[in-house]
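What follows is a single structure, written as structure tokens, with notes after it.
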Amino acid sequence: MKNNIKILSFLLLVNVGVFAQKDQIKEAQSFYDKGKIEESLTILKKLNILSSMLLT
């Protein structure tokens, strides 16, 4: 039972992280569409760092 709760908690945490990243990806796309490529790259680099932290 405790193992199931741990797994469910982990999946919930990952799910929240995915939604947060989705908003940041939309923001990066918006900057890119406006020609602000540097700002877009900055956001995407932060996402890459966050993703690698979640997976380790």
Side-chain angles (χ1 to χ4, degrees):
M1 183 68 175
K2 287 184 181 182
N3 195 24
N4 289 341
I5 292 173
K6 288 180 185 179
I7 292 171
L8 183 60
S9 298
F10 176 74
L11 291 175
L12 183 61
L13 179 65
V14 169
N15 194 20
V16 169
V18 168
F19 280 116
Q21 286 184 348
K22 184 178 177 183
D23 290 338
Q24 289 179 321
I25 291 171
K26 286 182 181 179
E27 183 182 8
Q29 180 67 42
S30 175
F31 279 128
Y32 182 79
D33 291 341
K34 293 176 185 175
K36 299 179 179 180
I37 297 171
E38 291 297 322
E39 288 87 347
S40 179
L41 284 174
T42 301
I43 292 170
L44 293 175
K45 286 179 183 177
K46 288 179 186 176
L47 283 175
N48 188 22
I49 292 169
L50 291 175
S51 296
S52 64
M53 287 174 50
L54 283 175
L55 296 175
T56 57

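The shown structure was predicted, so the numbers you read here are calculated from the model rather than taken from an experiment. All values below were derived from every heavy atom in this structure, side-chain atoms included, with hydrogens, water molecules and symmetry-related copies excluded.
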Revision key, fill the gap. Quick note, side-chain hydrogen bond (donor to acceptor under 3.5 Å, both in side chains) partners involving residues 30-41, not counting sequence neighbours, are Gln29-Asp33

Practice item. Work out which heavy atom in Ile43 is nearest to a heavy atom in Gln24; give both atom names and the distance. Key: CG2-O, 3.5 Å

Review point. Quick one: NZ on Lys22 to NZ on Lys26, what's the gap to the nearest 0.5 Å?
Key: 5.0 Å

**Study point:** Any residue meeting side chain to side chain contact (heavy atoms under 4.5 Å, CB included) with Ile7, in chain and number order, not counting sequence neighbours
**Key:** Asn3, Leu11

Review point. So which residues get pulled into Leu12's cluster when ILVMFWY side chains under 4.5 Å apart are joined, directly or through others?
Key: none

